[in-house]
Protein chains: 2
Amino acid sequence: MKIFIRVMKALSDPNRVKMMKLLQHRPLCVCEIKECLGIAQSTASKHLKILEDADLVRSFKDGLWVNYSLSDGNGSPFAASMIGNLKHWLGNDAQIQRLENILPGIDRHNIVGKG
Amino acid sequence: MKIFIRVMKALSDPNRVKMMKLLQHRPLCVCEIKECLGIAQSTASKHLKILEDADLVRSFKDGLWVNYSLSDGNGSPFAASMIGNLKHWLGNDAQIQRLENILPGIDRHNIVGKG
DNA sequence: TTTATATATTCCATTTTAACGATTTACTTG
DNA sequence: CAAGTAAATCGTTAAAATGGAATATATAAA
């Protein structure tokens with residue numbers, strides 16, 4: 001039950017759902033995500049931790065950067081199922097589409113104030 | 001997006017998830033639900049409203065009682081999918097099993113303080 | 001070893017959520 | 001119509017979630 005609630009809570013916030021949708025395209029570092037969503041770096045980092053704790057996302061370091069990507073779902077069946085659902089959900093959402101449009105132009109090397 | 005968030009939020013609370021699991025067995029009135037979960041009548045009523053607003057549950061009046069049952073899922077595809085998932089999720093959860101054990105003994109006509 | 005940089009963490013203010021008791025509403029029945 | 005009953009709503013309080021600025025941590029580079 002606790003694990004299920006943790007997954008539902010993680011997906012109860014618009015910014016976190018947006019992150020999940022962005023990560024469907026490619027792994028992203030924290031600064032790319034905060035840039036895309038237009039939020040503070042600390043806010044992005046905290047949201048990603050919540051997604052990671054729910055097994056929806058995983059991270060691996062690449063030097064100074066930390067890359068986040070969708071989890072493979074081996075951790076929790078609830079998370080795995082929701083990751084699958086989200087692949088074909090919200091694709092026609094206006095907010096999501098706007099983010100997906102600007103995502104290709106987002107590059108970690110061109111971001112000014114990273115934190 | 002708003003609809004999706006509403007469903008996720010609705011399923012982010014243990015008492016509401018318990019209600020969903022109980023309603024898999026049979027329709028229940030507010031006083032049966034509050035009795036089963038051991039919460040106040042006003043609390044049960046509010047939670048049910050949140051589930052209903054998310055299209056996870058529907059209600060129909062039967063005289064003085066209001067019966068709640070699982071939604072048929074026609075309102076929201078997100079709700080429909082989660083209703084389906086919940087059918088085979090949490091069946092082995094200890095808290096849920098305890099509730100399912102006492103449910104057969106719960107009858108609206110034998111409840112003392114209904115509100 | 002010093003400096004720079006990306007991320008994580010802490011702190012604080014604000015908003016949202018959950019719970020209960022009390023009251024109101026809606027319906028039934030005497 | 002009056003009394004009784006189940007559910008919904010209101011008012012209040014405590015806990016949790018969210019956001020950003022500031023700080024700490026960790027790694028890379030000079």
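Proteins come first, then strands; the chains are lettered A, B, ... in the order of their sequence lines, and each starts at number 1.
A sub-4.0 Å separation between OP1 or OP2 of D:dG19 and a side-chain N or O of A:His47 is present. For the OP1/OP2 pair of C:dT7 and a distance below 4.0 Å, the side-chain nitrogens and oxygens of A:Ser45 include no atom meeting the criterion. Residue A:Tyr68 has no polar side-chain atom (N or O) positioned under 4.0 Å from OP1 or OP2 of C:dA6.
When all heavy atoms are compared, the tightest approach of A:Leu11 to B:Phe4 is O-CE2, 3.8 Å.
Side-chain N or O atoms of B:Arg26 include none that pairs as donor or acceptor with a backbone N or O of B:Pro104 at under 3.5 Å. Judged by distance alone, the side chain of A:Asp107 and the main-chain N or O of A:Asn110 form no donor-acceptor pair under 3.5 Å. Looking at A:Ser59, its side chain never comes within 3.5 Å of a backbone N or O of A:Val66 through a donor-acceptor pair. Side chain of B:Gln24 to main chain of B:Leu86: a donor-acceptor pair is present (N/O by atom type, distance under 3.5 Å, no hydrogens or angles).
For a distance-only test at 3.5 Å, the side chain of A:Lys46 qualifies as a donor-acceptor partner of the base of D:dG20. A:Ser42 contributes a side-chain N or O that forms a donor-acceptor pair with the base of D:dA21 under 3.5 Å.
Here C:dT7 is the nucleotide among C:dC20, D:dG20, C:dT7 with the atom lying nearest to any side-chain atom of A:Trp65. The listed nucleotides are D:dA7, C:dA8, D:dG19; the one nearest the side chain of B:Cys29 is D:dA7.
Residue whose closest nucleotide on DNA chain C sits further toward the 5' end, between A:Val30 and B:Ile50: A:Val30.
Remark: P of C:dT5 and CG of A:Asn110 are 15 Å apart, rounded to the nearest angstrom. Following rounding to the nearest Å, A:Leu51 (CG) and D:dA17 (P) show an atom-to-atom distance of 14 Å. Separating the CD atom of B:Gln41 from the P atom of D:dT9 is a distance of 11 Å, rounded to the nearest angstrom. When rounded to the nearest whole Å, the span between CG of A:Asp62 and P of D:dA28 equals 9 Å. Distance CD1 (A:Ile33) to C1' (C:dA8): 14 Å, rounded to an integer number of Å. Taking atom NZ of residue B:Lys34 and atom C1' of nucleotide C:dC20, one finds them 12 Å apart after rounding to whole Å. Taking atom CG of residue A:Leu64 and atom C1' of nucleotide C:dT3, one finds them 13 Å apart after rounding to whole Å. B:Met8 places its CE atom 15 Å from the P atom of C:dT17, with the value rounded to the nearest Å.
When heavy atoms are screened at a 4.0 angstrom cut-off, B:Lys49 is found touching the sugar-phosphate backbone but no base atom.
Within residues 9-19 of chain B, the residues having any heavy atom under 4.0 Å from DNA chain C are, by residue number, B:Lys9, B:Asp13, B:Asn15, B:Arg16.
A side chain to side chain donor-acceptor pair (under 3.5 Å) check over residues 79-105 of chain B, counting only residues at least two apart or in different chains, returns the pairs B:Lys18-B:Gln95, B:His25-B:Glu100.
Side-chain contact, B:Arg108 with B:Asn67: a donor N or O sits under 3.5 Å from an acceptor N or O.
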